[in-house]
Visitor: 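A single structure is presented below for examination.
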Amino acid sequence: MLQRRQMLALPASGFLMGLLIALLYAPALGSTMAWAVGATLALVLGMTGAWVAYRSDGAARHTVGNSLLYGLSAAPFLGGACLVLAQMAGLDSWRIPAWMAGVATVVVPVLGPAWLTRARLDGEGATGPWARAHLDRRASVLSPDALSAAAQKRPALTPWLVGALAVNLPLAWRVLGGGQAGLLVLGLALLVTGVVWGGVAQVGPALGAAWHVMDLERRTGQRLRHPQWAEIQAVRRAHWLARWLMRE
């Protein structure tokens, strides 16, 4: 359930994250362009965070919004980290491939498991085991943990992790060959591991379940919300930003 502390933290942290990411791009783009990109990203993340906090349904669209926050912050961050690593190693011709590898390392482990989860749930149908356990059509609500990663069958982590490390291996190899400190490569490997785990084990399965629920809603014309919808709306109305951001 949405917490009161998130009402300001979600939009504010999204906005600040966008500005901080700009620091990674300053050497490659120049300060002016980097801050322009960072300000745009900050605005997008801040608005997405505000939508999640004040206007989402607390269910499927809420999960999609949270997934967007994750992807729009983690992908530019890891892409920027790979870009900085290539520049520090003096590999100017590798900057774009390095950035693309970093972004793909975030996006693919989220969308891949999301697609697999959605396909599995679509195969079960509207009366399958997952639907029977988590959907209450009469009350038009989901169970509290319906869209959590724990409620989904998670894909095996190892293939995704091996693939992500393989994508970033050429850059790591060139950095080591260029005489740079191995600590940088170790830091990149740990960051990649954490990002892949987050996508495969957490964000991806939840996003796939949310897509499945939204498909059901589209086909049936019935909107499914969090069982504590009234309490969520009460928390929103009690916050001072609600007069500008909330919609009943």
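Predicted model, so just to flag it, every value in this text is computed and none were measured.
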Visitor: Identify which one of Thr117, Val110, Asn66 satisfies the side chain to side chain contact (heavy atoms under 4.5 Å, CB included) criterion when paired with Leu207.
Guide: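 Among Thr117, Val110, Asn66, the one that satisfies the side chain to side chain contact (heavy atoms under 4.5 Å, CB included) with Leu207 is Val110.
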Visitor: If the test is side-chain hydrogen bond (donor to acceptor under 3.5 Å, both in side chains), which one of Arg236, Arg225, His226 qualifies with Ser56?
Guide: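 The residue from Arg236, Arg225, His226 that satisfies side-chain hydrogen bond (donor to acceptor under 3.5 Å, both in side chains) with Ser56 turns out to be Arg236.
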Visitor: Between the main-chain N or O of Arg95 and the side-chain N or O of Gln87, is there a donor-acceptor pair closer than 3.5 Å?
Guide: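 No; judged by distance alone, with no hydrogens or angles, the pair does not exist.
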Visitor: Hey, could you give me each pair passing ring-ring contact (aromatic ring centres under 6.0 Å, His included) that has a residue in residues 200-224? Not counting sequence neighbours.
Guide: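 Output for this query lists Trp130-His212.
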Visitor: Where is the tightest heavy-atom contact between Met214 and Ala60, given as atom of each residue plus distance?
Guide: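 Residues Met214 and Ala60, closest heavy atoms: CG-CB, 3.6 Å.
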Visitor: I need the Asp215 CG to Leu121 CG distance, nearest 0.5 Å.
Guide: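 So the CG of Asp215 and the CG of Leu121 are separated by 10.5 Å.
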Visitor: Determine whether a donor-acceptor pair (N or O, by modelled atom type, separation under 3.5 Å) exists between the side chain of Tyr25 and the backbone of Pro76.
Guide: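 Yes; judged by distance alone, with no hydrogens or angles, the pair exists.
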Visitor: So, does Thr63 use its side chain to make a donor-acceptor pair with the main chain of Ala59 at under 3.5 Å?
Guide: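 Here the side-chain-to-backbone pair exists.
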Visitor: Can you establish whether the number of heavy atoms outside Ile96 located under 6.0 Å from its atom CD1 is more than 12?
Guide: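 Atom CD1 in Ile96 is not crowded, with 12 or fewer foreign heavy atoms closer than 6.0 Å.
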Visitor: Among Asp57, Asp136, Leu147, exactly one meets side chain to side chain contact (heavy atoms under 4.5 Å, CB included) together with Leu142. Which residue is that?
Guide: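 Testing Leu142 for a side chain to side chain contact (heavy atoms under 4.5 Å, CB included) against Asp57, Asp136, Leu147 leaves exactly one candidate, Leu147.
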Visitor: Test your reading of the model: is there a side-chain donor-acceptor pair from Gln222 to the backbone of Arg137, 3.5 Å cut-off?
Guide: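 Checked: pair present.
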Visitor: Other members of the hydrophobic cluster containing Leu43, with the 4.5 Å side-chain heavy-atom rule, please.
Guide: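 For the cluster that includes Leu43, the remaining residues are Met47.
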